[in-house]
Amino acid sequence: TQLLEQSPQFLSIQEGENLTVYCNSSSVFSSLQWYRQEPGEGPVLLVTVVTGGEVKKLKRLTFQFGDARKDSSLHITAAQPGDTGLYLCAGAMNSGGYQKVTFGTGTKLQVIP
Amino acid sequence: ETGVTQTPRHLVMGMTNKKSLKCEQHLGHNAMYWYKQSAKKPLELMFVYSLEERVENNSVPSRFSPECPNSSHLFLHLHTLQPEDSALYLCASSQRLSRRDRTDTQYFGPGTRLTVL
């Protein structure tokens, strides 16, 4: 069974602070995705990283895929209250024309104004 | 709005009831998924339909029965559930991958919050 461990599980910070969330797995995935989920909604895809060592930036969010394609990190600079939510990493494997996605344990972020 | 709708948004049912969850996607996708999200577990894949054919059944108990009558609609029929089945049930859709594609994007609905008494 593929398992993705995220750390920390919970994070409460002040507006303006920086933070990093980690996602670690013993398995190799064809790609790794990060989602954000807000209360009462489904997860929304933020980014997909495909190549080992890849770094992607989305405004104040920086995503990195490990060289071995087993781990990833999400760094948020100058966090805003709007960043509050559940962050999920997910490893994806292509399987017979569809994508099988294994989700991580999640990091619940609260940014206090 | 992700283009994936789910009804009902909230459902409370007894253990002897039969109910159905509905998912509809307006994105022209041809793969659809059911996931279960419990409070203390990662999001779990339950079923996958690709081109209206069930291609994945992740050891889900038979009291959950999926149905995909066409590529836009997906149902989850519920029968004789247990209190531990209380969770958020999420539907997602994506476009079937070609051999060249390495990734795709799954679009999730808002979920149905199910409580089993």
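In what follows, chains carry the letters A, B, and so on, assigned in the order in which the sequence lines appear, proteins first and then strands, with residues in each chain numbered from 1. Just so we're clear, the structure is a prediction, and the values are computed from it rather than from any experiment.
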Student: Is there a path of hydrophobic side-chain contacts, each under 4.5 Å between heavy atoms of I, L, V, M, F, W or Y residues, that connects A:L11 with A:L46?
Tutor: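 Looking at the clustering, A:L46 is in the same group as A:L11.
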Student: Is any side-chain heavy atom of A:K100 less than 4.5 Å from a side-chain heavy atom of B:L45?
Tutor: yes
Student: Give, as side chain, backbone, both or neither, the part of B:L43 having an atom under 4.5 angstrom from any heavy atom of chain A.
Tutor: both
Student: Do A:L19 and A:V47 sit in one hydrophobic cluster, given that two such residues count as connected whenever their side-chain heavy atoms are within less than 4.5 Å of each other, even indirectly?
Tutor: yes
Student: Spell out, yes or no, whether B:M32 and B:L21 are grouped together once hydrophobic residues are joined by side-chain heavy atoms under 4.5 Å, including indirect joins.
Tutor: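 As far as the 4.5 Å side-chain criterion goes, B:L21 and B:M32 are connected within one cluster.
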Student: Where does A:L86 contact chain B at under 4.5 Å (heavy atoms): side chain, backbone, both or neither?
Tutor: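 The side chain, not the backbone.
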Student: Nearest 0.5 Å, please: how far is CZ in B:F108 from CG in A:L45?
Tutor: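 If we round to the nearest 0.5 Å, A:L45:CG and B:F108:CZ are 9.0 Å apart.
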Student: With respect to chain B, which residue among A:P43, A:A92, A:G42, A:G106 yields the maximal number of heavy-atom pairs within a distance under 4.5 Å?
Tutor: A:P43
Student: Of the non-hydrogen atoms in A:G104 and B:P42, which two are nearest, and what is the gap between them?
Tutor: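 Heavy atoms of A:G104 and B:P42 come nearest at O-CB, 3.5 Å.
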Student: Measure A:Q37 against the heavy atoms of chain B and call it side chain, backbone, both or neither at under 4.5 Å.
Tutor: side chain
Student: Side chain, backbone, both or neither: which part of B:Y35 has an atom under 4.5 Å from a heavy atom of chain A?
Tutor: side chain
Student: Give a yes or no on this: more than 12 heavy atoms of other residues, nucleotides or ligands lie within 6.0 Å of atom CD of A:Q9.
Tutor: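 No - once you tally the heavy atoms of other residues, nucleotides and ligands closer than 6.0 Å, there are 12 at most.
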Student: Does the B:R9 side chain pair with the main chain of A:G40, one donor and one acceptor, at a distance under 3.5 Å?
Tutor: yes
Student: Taking atom NZ of A:K108 as the centre, does the number of heavy atoms from other residues, nucleotides or ligands within less than 6.0 Å exceed 12?
Tutor: no
Student: Take a 6.0 Å sphere around CZ of B:F75 and say whether it holds more than 12 heavy atoms from other residues, nucleotides or ligands.
Tutor: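 Yes, CZ of B:F75 has more than 12 neighbouring heavy atoms, counting only those of other groups under 6.0 Å.
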Student: Look at A:V101, A:L88, A:V44 and state which one has the largest set of heavy-atom pairs under 4.5 Å with chain B.
Tutor: A:V101
Student: Above 12 or not: heavy atoms from other molecules or residues under 6.0 Å from CD of B:E53?
Tutor: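 For B:E53, atom CD is not crowded (no more than 12 foreign heavy atoms under 6.0 Å).
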Student: Counting only heavy atoms from other residues, nucleotides and ligands, does the tally under 6.0 Å from CZ of B:F47 exceed 12?
Tutor: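 Atom CZ in B:F47 is crowded, with more than 12 foreign heavy atoms closer than 6.0 Å.
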Student: Once you round to the nearest 0.5 Å, how far does OH of A:Y35 lie from OG1 of B:T105?
Tutor: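 Answer for the OH-OG1 pair, A:Y35 versus B:T105, is 7.0 Å.
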Student: Which of the residues B:K41, B:E44, B:Q37, B:Q6 is involved in the greatest number of heavy-atom pairs with chain A at under 4.5 angstrom?
Tutor: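 Of the options given, most contacts go to B:Q37.
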